[in-house]
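First comes the structure, then the notes that go with it.
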Amino acid sequence: MAQSVGIKDVARVAGVSVGTVSNVINRPDTVAAETRARVLSAIDRLGYVRSESARQLRAGRSRIMGLLVLDMGNPFFVDVARGAERAARAAGLGVMVCNSAQNASEEADYLSLFAEQRVRGVLLTPADATGRNIEAFRRHGIPFVLVDRVAEGTTECSVSVDDVAGGALAVRHLVDAGHRSLAYVSGPPGLNQVRDRRIGALNALAEAGLGPQALRELPTERLDVAAGRDAGARLLGLADRPTAVFCANDLLALGVLQAMYAAGVGVPDDLAIVGYDDIEFAAAAAVPLTSVRQPAVTMGALAAELLLEETETGTAPHEHRRVVLRPELVVRRSSLSAR
């Protein structure tokens with residue numbers, strides 16, 4: 001196996017000191033042009049590549065930003081990552097993307113990995129409802145920004161969407177269309193987003209003079225299409241089936257739509273469906289899906305910018321901020337039945 005080329009090898013071939021090679025790499029303007037050319041020629045001839053990780057450890061500043069999301073199988077988080085990467089690359093940083101799979105144990109493992117790698121900072125959508133993972137990570141002194149979650153009871157920055165308002169938008173639309181019996185396919189009950197969207201849904205029902213009994217909740221263990229199909233099967237089994245369903249995300253809504261299609265239930269005539277996130281697949285579904293749009297790319301970019309602002313040196317003291325974006329209802333055919 002070939003040995004890696006080190007800075008001492010470059011210095012030997014160029015006939016200069018190790019310090020001179022270091023200056024050529026890090027502070028080239030401090031080295032005479034002739035010497036610099038000789039060192040660069042040696043680097044090229046030997047194929048030397050500097051150890052970025054070692055340099056970062058010496059400097060105490062990584063060029064990597066961590067991003068830990070709930071589910072990279074969800075296009076919403078792909079868009080969040082796209083926005084974060086765009087902002088990070090503009091600042092000369094890379095992004096290490098990890099997937100907790102909505103599992104608190106996996107989240108803890110990845111946070112430990114980020115600490116070991118001494119990343120510049122972390123963008124985090126928490127999976128652990130207890131907050132213990134965040135508390136443990138905070139001891140490392142690595143800055144982090146919460147994404148798609150309000151930083152309740154903490155001093156950290158956060159970028160989120162007003163999910164209470166989003167839930168209200170979805171259910172107000174269904175009530176205005178004449179629906180009086182609704183279901184909420186909610187996802188894991190420990191997630192704040194699921195809770196807040198339900199609160200918004202109940203608020204909209206109250207505005208219309210309807211009580212909480214008008215909303216039948218169907219919790220699921222996950223926020224994916226398979227869980228939506230399962231919820232759809234349960235919905236079909238109800239004797240007093242609701243006429244409309246609001247889903248905590250679009251993947252659940254697409255699963256419900258599949259279950260209705262397989263059972264011959266018409267959407268929207270027999271059942272109106274509204275999702276959440278407005279992922280790209282929502283508009284492309286067999287029945288285009290009404291959805292509450294979250295500005296996912298903007299969310300990721302803003303979170304990365306807040307993290308970069310906090311980790312920059314030589315600037316004014318960082319002021320933690322909570323950015324709350326507004327959702328938007330995008331109406332398509334899945335909810336346009338006439339009642």
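Residues: numbered from 1 along the sequence shown.
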Checking [Y] against [X]: is there a side-chain donor and acceptor pair closer than 3.5 Å?
X	Y	answer
S335	H173	yes
D148	Q193	yes
S100	E106	no
D250	S291	yes

Could you go through R36 and D29, starting from their C-alpha distance and side-chain angles, then the distance that decides it, and tell me whether this counts as salt bridge (Lys or Arg N to Asp or Glu O under 4.0 Å)? CA-CA 9 Å; R36 187 166 66 242; D29 293 342; 5.3 Å; no
Give the ring-plane orientation class for Y276 versus F246, where under 30° counts as parallel, over 60° as perpendicular and anything between as tilted.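 Aromatic pair Y276/F246 classed tilted.
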Quick one: do E135 and R138 satisfy salt bridge (Lys or Arg N to Asp or Glu O under 4.0 Å)? Show the steps, please. CA-CA 5 Å; E135 285 302 317; R138 189 179 280 116; 2.4 Å; yes
Listed by chain and number, what are the side-chain hydrogen bond (donor to acceptor under 3.5 Å, both in side chains) partners of E207, not counting sequence neighbours?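 Once residues adjacent in sequence are excluded, the partners of E207 under the side-chain hydrogen bond (donor to acceptor under 3.5 Å, both in side chains) criterion are R172.
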Run the numbers on V24 and L40 for side chain to side chain contact (heavy atoms under 4.5 Å, CB included), then give the verdict. CA-CA 8 Å; V24 169; L40 291 174; 3.9 Å; yes
Partners meeting salt bridge (Lys or Arg N to Asp or Glu O under 4.0 Å) with [X] (sequence neighbours left out):
X	value
R45	none
E280	none
R82	D79
R241	none

Report the residues that fulfil side-chain contact (heavy atoms from CB on, under 4.5 Å) with A104, sequence neighbours left out, ordered by chain and then residue number. D128, N133
So, for [X] and [Y], which heavy atoms are closest and what is the spacing to 0.1 Å?
X	Y	value
R321	L306	NH2-CD2, 3.1 Å
A253	I273	CB-CG2, 4.0 Å
R149	S158	O-CB, 3.2 Å

Note: R332-D278 ion pair, threshold 4.0 Å (strictly below): yes
Salt-bridge criterion met for E156 and R322 (N-O under 4.0 Å): no
Within the 4.5 Å heavy-atom criterion, are I64 and V95 side-chain neighbours or not? no
Evaluate the side-chain proximity of V161 to R326: yes if any heavy-atom separation is below 4.5 Å, no if none is.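 Not in contact.
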When you look at R216 and D240, which way does the salt bridge (Lys or Arg N to Asp or Glu O under 4.0 Å) test go after all the steps? CA-CA 10 Å; R216 181 84 60 90; D240 53 343; 2.9 Å; yes
Does atom CD (E217) have a neighbourhood of more than 12 heavy atoms from anything else shown, all under 6.0 Å? yes
Can you tell me if CZ on R27 sees more than 12 non-hydrogen neighbours from other groups inside 6.0 Å? yes
Using side-chain contact (heavy atoms from CB on, under 4.5 Å) as the criterion, point out the one residue from L68, L146, L70 that pairs with T125.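 Going through the options one by one, the only one that passes is L70.
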Chi angles and distances behind the side chain to side chain contact (heavy atoms under 4.5 Å, CB included) call for R293, L329: CA-CA 6 Å; R293 175 178 293 164; L329 182 70; over 6 Å; no
